[in-house]
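Residue numbering restarts at 1 for every chain, and letters A, B, ... go by the order of the sequence lines.
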Amino acid sequence: MPKITIDDIPIEVPEGTTILQAARMIGGDIVPPAMCYYSKLKTSGGYCRTCIVKVEQGSEKDPRPMPKPVASCRTNVMDGMVVRNITSQENLEARAGVVEFLLMNHPLDCPVCDQAGECHLQDLSYEHGKEGTRNEFERREYEPMDFGDTIKLNMNRCILCYRCVKVADQLTDGRCHGVINRGEHAEISTYIEKAIDNDFSGNMIDVCPVGALTDRTFRFKSRVWYTNPVDAHRDCDKCCGKVRLWNQGDEVLRVTARKDQFGEVIDNEDGSTAWICNDCRFEKKHLNDWVIEGPSDISRHSVISANHYESLRSIQKTTMKMMGAKPHGVKFELGDGALDPNNQ
Amino acid sequence: MSKKLLLKNDHIPGINTLATYKENGGYAVLTNALKNLSPDAIVEEVKKSGLRGRGGAGFPTGMKWSFLAKPEGVPRYLVCNADESEPGTFKDRYLMERIPHLLVEGMILSSFALGANTSYIYIRGEYFYVANILEKAIDEAYQAGYLGKNILGTGFNLDLYVQVGAGAYICGEETALLESLEGKRGNPRIKPPFPAVAGLYGCPTVVNNVETIAAVVPIIEMGGEEYAKIGIGKSTGTKLISASGHINKPGVYEIELGLPVEEFIYSEEWCGGIRGGRKMKAVVAGGSSVPILPTELILKTVNGEPRLMSYESLGDGGFISGTMLGSGGFIVMDEETSIVKNLYTFSRFYHHESCGQCSPCREGIGWMERILEKILDGRGTLADIDLLWDIQSKIEGKTICPLGEAAAWPVAAAIRHFRPEFEAYVTNPDSIKDIKHYYRLKN
Ligand SMILES: Cc1cc2nc3c(=O)[nH]c(=O)nc-3n(C[C@H](O)[C@H](O)[C@H](O)COP(=O)(O)O)c2cc1C
Ligand code: SF4
Ligand code: FES
C-alpha cells in the first residue's frame, strides 16, 4: 500500500485512493475543502480547484516534475508522495485565489438566499478566502429559472461544479439537464427550461453546494438556523425513505437527504447511497407521514450548527502548531472536539 | 541552407492529386514499409529519429507511441489533430492544402505502426475547404487500394475519416478533441487517464499533430538515424514555421532546426527583414501562448549566444529570459507595435475560447481582459499592473488543461519585459496615443 505524508502526517492507504480521500481519513483541518467533488457521483471533481494541494515531492514512479499544484480530489496517491495543504503558504495563497475567482461573479445575496447558513461557499470564503474582492467590474447576471414546480435555479449563485449535471446523468433517466454556452457564459440549463419531472431530480438540490438550486416548496419559509432538524423515515417503494426533516414546531418545512460532515448524502447499510425520491422530498410535509428517530447529528462546522446542536463537533485543529498557530477562519468559534469520520 | 523534407514538392502543380504525388515518389515509402517492415520496426525508427510533437508541447513522438496500451480485443485509434487554432499558427493548413496525400500517407503508415484500424483527422471548422481537399485525397487513396480492406494485399485494414470541428480553439486540446469527436461538448477531460490508456471511446488512442504525422514519411524513407542527423541536439529534423507580422515575406517555411533566429528573420530566403526598414521590437516565437521576447533576447540568449530555432535554444533561460518553439507560429512586431494592445487581443481570444469548466480559467481570463481594456482606455492604475501579474500567477498551473497557461504566459511575459510601456499607458496615456499602432482595435 502506498505511504504518503500530508502536512507531515504519515498515512498508508490502498492503491487508487485520491489525496483528498487520504486526507479525509486523517481528518481535521488538513482536509482540503471540496466544492465540486462528490464521492457518490462518478466522474465528479476536478472543476472548482478549491481542493488544490501542493505535491512537494512526487513518487519515483512518476516522471512529472515536482513540486506541482494538483487537484487533490482527482489525483491518486503514489508511494512516497509528500503533500502539503495547510503547511504551505503558497498553497493557501493559491486556494485564496480560487476562492476569489469563485466569488468574483457571485451576487453575495446571502441575506435573501435560502442556502445561507448551510452554504459551502460561505464556509469556504470564511475559512479560505480573503477579505473583499479586487474585482471592480460588473458581475454577470442571469434571470432565475424554474425547473418544474419544485426546483429553482438561480444561476447567479452557481459555481459550475457540475454536481447537478452528474445527478441528472447518473440518477435520472432521460437526461435533459446540462451546461450550455462556453467559458464565462457557461450556464446550467435544462435545455429550453424543460421541467425535470423525474423521481430523483430533487437530489440536485442536495448536491448543490451553493444556493443555485433550491427547493421551491421551502422558498423563503424560514432561515435554516431557525429550523429544527430531525432524522425520520417512512416506508417508501421508490427510495430508502430515510430523510432529514427541517421542522418548525409541528410543521415540516423541508425534507432533505441525510448528509455527512462533507455535505455528502450518507450511505445506506447496504453501501448504496441514501438518495431520496421526490415523493418523500416534496409531497410528505406532515409529521404523521414520518417516524421520527431523533435529533439530527449535524457534524458540519457551518453556521447551521451555530446555536443549538449539542452533538456538534468542530474540526480538529490538527496542525495549528505547524502553521505557527494560524487561526482558523471559522466565523463562529465552535469549540474544540475530536472528529471521527467513522462516527456519524 | 534550406533542407526540405515535407515541403520539397509543394511547388509542383497538381501535387494535391494522387497521380502527381505518386509520380514524385509518393506512397513508395508506405508500399515498401507495409511489405518489408513490422509495426514495431516503424515505431523503433520513429524513436531513433528523435522526432518531437509539432503541435506545441514537443513531446517525443516515439515515446508517446510506445506508451500506447495494447490490451487484447480492444481497438486502438490514431487521431490527427488538425484543429490548428492558435493565433499565429497556420502551417498545418498549408501542408494539408498543398500536399494532402503526405498527411494521408503518414496516417496510413502511423496507423499500421500503432495497430489502429480506424483513424481520424479532426480538422477545425473554419478549414472546411481543406477538409474537402482531404476528403478528395482519401477517396483517391481508397480507389488506389491504400485504404480500406487488405491494403496492398498485406492483410492490413484501415478506414480513415475526416471530422470537421465547429469552431472552438479548445477542441485542439487533445482530450477536448476526443470528446468532440465522440459527439459531445468539447470539454477537456481530467487526466489521468491519459489518451494512451483511455482515449477515444475509452480505447487506447494516440493524438498527434498534422506535421508530426507527415514527418513519419521522410523518417521511414531515410531511416530514423539519418533523420536524427538533421537539426541540432535533441531538436532533430525540420520544422514548419508560419511567419507573420511586420516582416517582408510572411508565409510558411520549412527550416532545419538550429537555424539562427536572426538569419530566419533577416535573410532573403526566409522572412526578408522587417517591413519598411523599421526596427524590430519583439517576437512571439511559437504561437500566441508562448512568452513574448524583446529583440535583444530573441536574437541572443542572456549569455550572449545567438538564439537558434530549436526547442532548447528558444527555451534557454526559462521564462525569465527565454520562450518556447511551441507550434512554430512566429509573429514579428516592429517598433510601432503596442505590446499592451497586442496582449489585449490575445487575452480577448483566450477569454472567448475558455471552455468554462474550471474556475481559474473561466473567471480569471475575462478579468485580465477587462483590466487590459481599462489600461488601454487610459483609466488604468499602477496597481492594475500588479493585479494583472497576480491574476496570471493564480491561473497558471491551476487549471484542468493548459489553456490556462496559454492565457497566463503572454500576460506574464509582456509585463516582465515591457513594464514601462504598461506604466506609460497608466501615467501618461496621451503620449502612448500618439504612436501609430498597427493594430487598431477601437476607433
Ligand atoms: C488549448 C489547447 C489547444 C491546442 N491546440 C492544438 C492544435 O490546434 N493542434 C495541435 O496539433 N495541438 C494542439 N494542442 C496540443 C494537443 O493537446 C496535443 O498536445 C497535440 O495534438 C499532440 O500532438 P503532437 O505530440 O504531435 O504535438 C493544443 C493544446 C491546448 C491545451
Ligand atoms: S447549480 Fe449548483 S450543483 Fe449545479 S453546477 Fe451550479 S453550483 Fe453546482
Ligand atoms: S473539489 Fe477538487 S477540484 Fe473541486
Check: R134(A) and I371(B) side chains under 4.5 Å, non-hydrogen atoms: no
Which atoms of N76(A) approach chain B - backbone, side chain, both or neither, heavy atom under 4.5 Å: neither
Most chain B-contacting option - heavy-atom pairs closer than 4.5 Å, from A186(A), C36(A), C48(A): C48(A)
Reported CE-to-OG distance for the pair M35(A) and S359(B), which is rounded to 0.5 angstrom: 9.5 Å
Check ion pair E136(A)-K374(B) (N to O, under 4.0 angstrom): yes
Straight-line distance of S44(A) OG to I190(B) CD1, nearest 0.5 Å: 9.0 Å
Check against side chain to side chain contact (heavy atoms under 4.5 Å, CB included), Q357(B) and L160(A): CA-CA 7 Å; Q357(B) 277 190 116; L160(A) 282 165; over 6 Å; no
Least distance between heavy atoms, R362(B) atom then I159(A) atom: NH2-O, 3.3 Å
Atom pair CZ (R95(A)) and NZ (K394(B)), whose distance is rounded to the nearest 0.5 Å: 13.0 Å
Beyond-backbone contact of Y47(A) with N187(B), side-chain heavy atoms, under 4.5 angstrom: no
Which portion of S393(B) sits near chain A, non-hydrogen atoms under 4.5 angstrom: neither
Whether over 12 other heavy atoms sit under 6.0 Å from K184(B) NZ: yes
Options G397(B), C355(B), G186(B), ranked by heavy-atom pairs under 4.5 Å with chain A, top entry: C355(B)
Interface moiety of I52(A) toward chain B, non-hydrogen atoms closer than 4.5 Å: side chain
From CA spacing to verdict: salt bridge (charged side-chain N to carboxylate O under 4.0 Å, His left out), R182(A), E353(B): CA-CA 8 Å; R182(A) 194 167 74 183; E353(B) 298 297 339; 3.2 Å; yes
Sub-4.5 Å side-chain heavy-atom contact between I365(B) and E184(A): no
Within 6.0 angstrom of E90(A) CD, more than 12 heavy atoms from elsewhere: no
Chain B interface, residue from T50(A), N135(A), L102(A) that has the most non-hydrogen pairs under 4.5 Å: N135(A)
Expected output: side-chain R49(A) to main-chain K398(B) donor-acceptor under 3.5 Å: yes
Side chain / backbone / both / neither for E100(A) at chain B, heavy atoms under 4.5 Å: side chain
Contacting moiety of I391(B), where chain A heavy atoms sit under 4.5 Å: both
Test item: E363(B) and N105(A) side chains (from C-beta on) under 4.5 Å apart, heavy atoms: yes
Interface moiety of A383(B) toward chain A, non-hydrogen atoms closer than 4.5 Å: neither
Residue selection (most heavy-atom pairs with chain B, distance under 4.5 Å) from H185(A), K68(A), R140(A): R140(A)
Which atoms of R370(B) approach chain A - backbone, side chain, both or neither, heavy atom under 4.5 Å: both
